[in-house]
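Here is the structure we will look at.
Reminder, nothing fancy here: chain letters follow the sequence lines and each chain counts from 1. Keep in mind that this is a model prediction, so the values were computed, not measured.
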Amino acid sequence: GAGVSQSPSNKVTEKGKDVELRCDPISGHTALYWYRQSLGQGLEFLIYFQGNSAPDKSGLPSDRFSAERTGGSVSTLTIQRTQQEDSAVYLCASRTGGSYNEQFFGPGTRLTVL
Amino acid sequence: AQSVTQLGSHVSVSEGALVLLRCNYSSSVPPYLFWYVQYPNQGLQLLLKYTSAATLVKGINGFEAEFKKSETSFHLTKPSAHMSDAAEYFCAVRPLLTGNEKLTFGTGTRLTIIP
């Protein structure tokens, strides 16, 4: 079956521009997560969705970062006024069933801010 | 706050030798523990998980890990390394409490296999 997909796979943008990153979770998975992987910080949690609501946004690094999820499916992570320190690989994961179940990860979007 | 420590950012072993990747967690209550593997330019793939059932957990690709509460450890092992095991390995922790869903990852260990 289809796994978690993310688009674009690579994104190069200029400092100050806004970017949108998309995540298509596995069909039927109610939980969705965003993580960021960078050389300096390793793998960091950003935000968690259960259905369309986000009970945990504690990992969003600043108010330039926001995310939404519609229809309990696709999620978009938006970064406004990008900065060079936003350069990283943004990973999306989804999960079904109990909270101890596996999170399935997508291949990530590599964001480079020039 | 929960955390995990992975000792050794780089580990090299010879093909056919034992693989041992170390992970220690910090938590007052034993959490859920996971090992993920990341191959170059790919996403994370679950190797195995501990969810308070058996302390010796077997995963994919011949890997296993043993949960030791007294040592707060969850080290990953494989008896005989294969060239295809070269990748980065991440230990992760998630608390038992529901409602706190996020995984906290270690800094990763890059495994190199020497032919």
Practice task
Output the distance between atom NZ (B:K102) and atom CD1 (A:I47), rounded to the nearest 0.5 Å.
Solution key: 12.0 Å

Problem - Contact origin within A:Q37 toward chain B - heavy atom pairs under 4.5 Å - result: side chain

Problem - Backbone of B:L103 reached by a side-chain donor or acceptor of A:Y35 within 3.5 Å - result: yes

Exercise for the section: Heavy-atom distances under 4.5 Å only: say whether A:L43 touches chain B with side chain, backbone, both or neither. Expected result: both

Handout entry: In one Ile/Leu/Val/Met/Phe/Trp/Tyr side-chain cluster, 4.5 Å: B:V93, B:V37
Key = yes

Practice task
Indicate, with yes or no, if B:F34 and B:L47 share a hydrophobic cluster defined by side-chain heavy-atom contacts under 4.5 Å among Ile, Leu, Val, Met, Phe, Trp and Tyr.
Solution key: no

Exercise for the section: State, to 0.1 Å, how close B:Y36 and A:Q103 come at their nearest heavy-atom pair, and which atoms those are. Expected result: OH-O, 3.2 Å

Handout entry: A:W34 reachable from A:V113 in the ILVMFWY side-chain graph, under 4.5 Å edges
Key = yes

Practice task
Using heavy atoms and a sub-4.5 Å threshold, report which of residues 68-79 of chain B line up against chain A, by residue number.
Solution key: none

Problem - Counterpart residues, side chain to side chain donor-acceptor pair (under 3.5 Å), relative to A:D24 (two or more places apart) - result: A:R22

Exercise for the section: Find out if a path of hydrophobic residues (ILVMFWY) with successive side-chain heavy-atom gaps under 4.5 Å connects B:V57 to B:L33. Expected result: yes

Exercise for the section: To the nearest 0.5 Å, tell me how far B:Q38 CD sits from A:F105 CZ. Expected result: 9.0 Å

Practice task
Report yes or no: do A:I26 and A:L77 belong to one cluster of Ile/Leu/Val/Met/Phe/Trp/Tyr joined by side chain heavy-atom distances under 4.5 Å?
Solution key: no

Practice task
Examine whether an atom of A:S58 lies under 4.5 Å from a heavy atom of chain B, and if so say whether it belongs to the side chain, the backbone or both; otherwise answer neither.
Solution key: side chain

Handout entry: Atom CG of A:L114 with >12 non-hydrogen neighbours under 6.0 angstrom
Key = yes

